[in-house]
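None of these values were measured; they are calculated from a predicted model. These numbers come from the heavy atoms of this one structure, side chains and all, not from hydrogens, waters or symmetry mates.
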Amino acid sequence: QVQLVESGGGLVQAGGSLRLSCAASGRTFSSYAMGWFRQAPGKEREFVATISWRADNLYYADSVKGRFTISRDIGKNTIYLRMNSLKPEDTAVYYCAATRDDSGIYVYLTAAEYDYWGQGTQVTVSS
């Protein structure tokens with residue numbers, strides 16, 4: 001089992017920045033690919049970013065490319081999502097997720113590929 005706890009959400013004005021954190025516990029964090037998803041009211045959960053456990057393979061949704069940065073600190077069992085130039089349409093509950101990956105190089109883009117999820121953290125961007 002892997003437990004994930006997100007933090008760092010909040011209210012920010014358009015153009016501002018936030019950094020989300022996701023702390024993992026329970027199993028060897030380095031064997032898991034990680035991802036960030038978000039879900040706005042009335043919408044389906046959507047992919048935001050993913051990182052392989054070796055941290056050398058990253059992938060972003062087109063809507064956040066160039067504004068968001070995913071990273072991980074294996075020593076701290078934590079991944080981050082740095083969000084810059086935030087827009088009102090970024091408003092959502094943000095979730096981190098983990099999936100076992102022994103290769104260390106693969107990334108995963110769909111929610112169905114992830115086995116473990118955090119409880120989510122609210123991000124609200126005002127115009």
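Shown here for G9 and L20, the closest heavy-atom pair between the two residues is N-CD2, 3.6 Å. Of all non-hydrogen atoms in G104 and D56, the two that sit nearest each other are O-OD1, 4.1 Å. Contact between A14 and S127 at its shortest, heavy atoms only, is CB-CA, 4.4 Å. Closest heavy-atom contact between W117 and A111: CZ2-O, 3.5 Å. Contact record, R82 with N84: NE-OD1, 3.2 Å, taken as the closest heavy-atom pair.
One finds no salt bridge joining K87 and D90 here, because no Lys/Arg side-chain nitrogen approaches an Asp/Glu carboxylate oxygen to under 4.0 Å.
A donor-acceptor contact closer than 3.5 angstrom is absent between the side chains of Y106 and T99.
Residues I79 and Y32 are not in side-chain contact: their nearest non-hydrogen atoms beyond the backbone lie 4.5 Å or more apart. Side-chain contact check for Y60 versus T69: some heavy-atom pair is nearer than 4.5 Å. With contacts defined as side-chain heavy-atom distances shorter than 4.5 Å, the pair F68/L18 does not qualify. Residues Q122 and L11 fail the side-chain proximity criterion, which asks for heavy atoms closer than 4.5 Å. With contacts defined as side-chain heavy-atom distances shorter than 4.5 Å, the pair Q119/E6 qualifies. Put simply, the side chain of S63 reaches to within 4.5 Å of the side chain of R38, judged on heavy atoms. By the 4.5 Å heavy-atom criterion applied to side chains, M83 and L81 are counted as neighbours. Between Y80 and D73 the shortest side-chain heavy-atom distance falls below 4.5 Å.
A donor-acceptor contact shorter than 3.5 Å links the side chain of R72 to the backbone of S52. A donor-acceptor distance shorter than 3.5 angstrom exists from the side chain of W53 to the backbone of D101, with no hydrogens or angles considered. A donor-acceptor pair is defined here as one N or O able to donate and one able to accept, closer than 3.5 Å; such a pair exists between the side chain of T91 and the backbone of V125. Within the 3.5 Å criterion, the main-chain N or O of I105 finds a donor-acceptor partner in the side chain of N57. Within the 3.5 Å criterion, the main-chain N or O of M34 finds a donor-acceptor partner in the side chain of T50.
Between F37 and F47, the two ring planes are perpendicular [angle over 60°; tilted spans 30° to 60°].
At a threshold of 4.5 Å between side-chain heavy atoms, the hydrophobic network of Ile, Leu, Val, Met, Phe, Trp and Tyr places V2 and Y114 in two separate groups.
Around NZ of K65, the count of heavy atoms belonging to other residues, nucleotides or ligands within 6.0 Å exceeds 12.
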